[in-house]
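All values below were derived from every heavy atom in this structure, side-chain atoms included, with hydrogens, water molecules and symmetry-related copies excluded. These figures come from a predicted structure and were not determined experimentally.
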Amino acid sequence: MSLRHAVLGLLAEAPASGYDLMKLFNATLTNVWPATQSQVYGELTKLTHAGLVEVAAEGPRGRKEYTITGEGLEELRHWLTEVEPSGPARHDGLLRVFFLGIVTPLEAQAYLLQQAEGAARARAAYEHIDATAQWDDEMISVYGRIALEYGLRMSAAQEEWARWAAEEVTSARARKASDLARAQHALANTQQEESPQEGTPQGERPQEAGTPQERREK
């Protein structure tokens, strides 16, 4: 998703000024695709130059109301039906789980419980939106409620998984895997410390500089 298509999507429902768009962003899209005022106004300028939106009306104090053009609507439809969603290709929090055996089981458990609490807070925020939003029969409300359900279900699943994982990392199997990793690491360090100097044949002392007579006189 891009800011360009978010703006086009909002204007596809009804004409709006930059101020109106910011209100809509904060009320509907902020949990999916947040944007600042400067970003929204900058995107409106780009879309206007590209012929995807146009100024439908102008008011006092330089207020401009924008509407989507036929070309803009076609671009939005193309994005909706033919462009594959990118999705989150990277997940820093989940990547760490692969390596939690490096720390102690209690540290691993604390990390996962922190993730569970974060998911619980996210779900509470979604529930607050659901309870306080003024849902109506307009497009953004109907489909926005469908999108909100994704957040509700995903945050609940994430919290459930994190609490399960917090118990799993203290299991006998997880402890055994962590102990094995630490033992292998300790063995590698010991072998490195005991290995001879690079370039010196094993069992031989490094030769001192100088002739034999000079070495005897030292």
Side-chain angles (χ1 to χ4, degrees), residues 1-95 115 118-161:
M1 181 179 179
S2 69
L3 179 59
R4 162 172 289 211
H5 296 103
V7 172
L8 287 174
L10 292 175
L11 290 177
E13 182 173 35
S17 66
Y19 175 77
D20 296 332
L21 286 174
M22 278 308 306
K23 288 178 62 178
L24 285 169
F25 260 97
N26 292 332
T28 60
L29 302 182
T30 186
N31 290 311
V32 178
W33 200 266
T36 64
Q37 180 175 326
S38 61
Q39 289 174 327
V40 169
Y41 278 86
E43 195 60 46
L44 280 171
T45 300
K46 295 176 184 177
L47 289 169
T48 303
H49 290 161
L52 301 181
V53 306
E54 61 185 9
V55 178
E58 295 190 38
R61 297 187 297 278
R63 183 182 185 277
K64 295 180 180 179
E65 188 173 82
Y66 296 85
T67 186
I68 191 170
T69 64
E71 188 177 347
L73 190 57
E74 190 61 34
E75 166 62 23
L76 182 61
R77 286 173 174 161
H78 167 75
W79 174 71
L80 286 168
T81 60
E82 299 182 36
V83 178
E84 188 71 21
S86 58
R90 297 175 179 175
H91 193 312
D92 176 73
L94 197 55
L95 176 63
Q115 300 305 299
R121 288 193 298 271
R123 179 170 175 79
Y126 291 135
E127 289 174 340
H128 177 72
I129 293 173
D130 192 20
T132 59
Q134 297 179 351
W135 305 108
D136 54 33
D137 294 331
E138 298 293 332
M139 181 189 75
I140 295 298
S141 282
V142 174
Y143 289 93
R145 181 60 187 77
I146 293 174
L148 179 64
E149 186 65 24
Y150 173 88
L152 288 166
R153 297 189 186 198
M154 285 298 295
S155 57
Q158 288 167 351
E159 181 183 3
E160 181 184 3
W161 168 83

Enquirer: Just jot down the salt bridge (charged side-chain N to carboxylate O under 4.0 Å, His left out) partners of Asp137, sequence neighbours excluded, or say none.
Expert: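 None.
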
Enquirer: Which residues satisfy the side-chain contact (heavy atoms from CB on, under 4.5 Å) test with Tyr143, sequence neighbours excluded?
Expert: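 side-chain contact (heavy atoms from CB on, under 4.5 Å) list for Tyr143, sorted by chain: Met139, Ile146.
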
Enquirer: Kindly state each residue pair satisfying salt bridge (Lys or Arg N to Asp or Glu O under 4.0 Å) with at least one member in residues 20-47, sequence neighbours excluded.
Expert: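 Listed by first then second residue: Arg4-Glu43, Asp20-Arg63.
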
Enquirer: CE/Met22 to CD/Gln39 distance, rounded to the nearest 0.5 angstrom?
Expert: 8.5 Å

Enquirer: Keeping the roles fixed (side chain from Thr69, backbone from Leu52), state whether a donor-acceptor pair exists under 3.5 Å.
Expert: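 Confirmed, Thr69 side chain pairs with Leu52 backbone.
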
Enquirer: Quick check: do Leu47 and Ile68 have side-chain heavy atoms less than 4.5 Å from each other?
Expert: no

Enquirer: Mind checking what makes salt bridge (charged side-chain N to carboxylate O under 4.0 Å, His left out) contact with Glu75, not counting sequence neighbours?
Expert: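 So Glu75 forms no salt bridge (charged side-chain N to carboxylate O under 4.0 Å, His left out) with any residue.
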
Enquirer: Side chain to side chain donor-acceptor pair (under 3.5 Å) with Glu82: which residues, sequence neighbours excluded?
Expert: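 For Glu82, the residues satisfying side chain to side chain donor-acceptor pair (under 3.5 Å) (neighbours in sequence not counted) are His78.
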
Enquirer: My understanding is that only residues two or more places apart in sequence, or in another chain, count here; which of them pass side-chain contact (heavy atoms from CB on, under 4.5 Å) with Thr30?
Expert: Pro34

Enquirer: Under a 4.5 Å cut-off applied to non-hydrogen side-chain atoms, are Val40 and Leu24 in contact?
Expert: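 No, side chains not in contact.
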
Enquirer: Excluding sequence neighbours, so at least two apart, what forms side-chain contact (heavy atoms from CB on, under 4.5 Å) with Leu80?
Expert: Leu76

Enquirer: Does any part of the side chain of Leu10, heavy atoms only, come nearer than 4.5 Å to the side chain of Ile140, both counted from C-beta?
Expert: yes

Enquirer: Taking it one step at a time, do Leu94 and Trp161 satisfy side-chain contact (heavy atoms from CB on, under 4.5 Å)?
Expert: CA-CA 11 Å; Leu94 197 55; Trp161 168 83; 3.9 Å; yes

Enquirer: Does any pair with a residue in residues 118-129 pass side-chain hydrogen bond (donor to acceptor under 3.5 Å, both in side chains), and if so which ones, sequence neighbours excluded?
Expert: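 Pairs touching residues 118-129 that pass the test: Arg123-Glu127.
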
Enquirer: Do you know which two heavy atoms are closest between Thr67 and Ala56, and how far apart they sit?
Expert: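 Residues Thr67 and Ala56, closest heavy atoms: CG2-CB, 3.8 Å.
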
Enquirer: Heavy atoms only: give me the nearest Ala35-Leu3 pair and the separation to one decimal.
Expert: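 For Ala35 versus Leu3, the nearest heavy atoms are CB-CD1, 3.8 Å.
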
Enquirer: Please examine the side chains of Leu148 and Trp135, heavy atoms only from C-beta on, and report whether any two atoms are closer than 4.5 Å.
Expert: yes

Enquirer: Minimum heavy-atom separation for Ala16 to Leu11, with atom names?
Expert: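 Between these two residues, the closest heavy atoms are N-CD2, 3.7 Å.
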
Enquirer: With sequence neighbours excluded, tell me which residues meet side chain to side chain donor-acceptor pair (under 3.5 Å) with Ser38.
Expert: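 By the side chain to side chain donor-acceptor pair (under 3.5 Å) rule, Ser38 matches Thr36.
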
Enquirer: Looking only at heavy atoms, what is the nearest atom pair of Ala119 and Glu159, with distance?
Expert: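 Scanning both residues completely, I find the closest heavy atoms to be CB-N, 3.6 Å.
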
Enquirer: Can you pull the salt bridge (Lys or Arg N to Asp or Glu O under 4.0 Å) pairs that have at least one residue in residues 138-156, sequence neighbours excluded?
Expert: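 Listed once each, the pairs are Asp130-Arg145, Arg145-Glu149, Glu149-Arg153.
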
Enquirer: Mind listing the closest non-hydrogen atom pair of Asp136 and Ser141 along with its distance?
Expert: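 Between these two residues, the closest heavy atoms are OD1-OG, 2.8 Å.
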
Enquirer: Applying salt bridge (charged side-chain N to carboxylate O under 4.0 Å, His left out), can you list everything that pairs with Glu65, at least two apart in sequence or on another chain?
Expert: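 Glu65 satisfies salt bridge (charged side-chain N to carboxylate O under 4.0 Å, His left out) with no residue once adjacent residues are dropped.
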
Enquirer: Holding to side-chain contact (heavy atoms from CB on, under 4.5 Å), I want the full list of residues that pass it with Arg77, two or more places apart in sequence or in another chain.
Expert: Leu73, Glu74

Enquirer: Taking all non-hydrogen atoms of both residues, which atom of Tyr19 and which atom of Tyr41 are closest, and how far apart?
Expert: N-OH, 3.1 Å

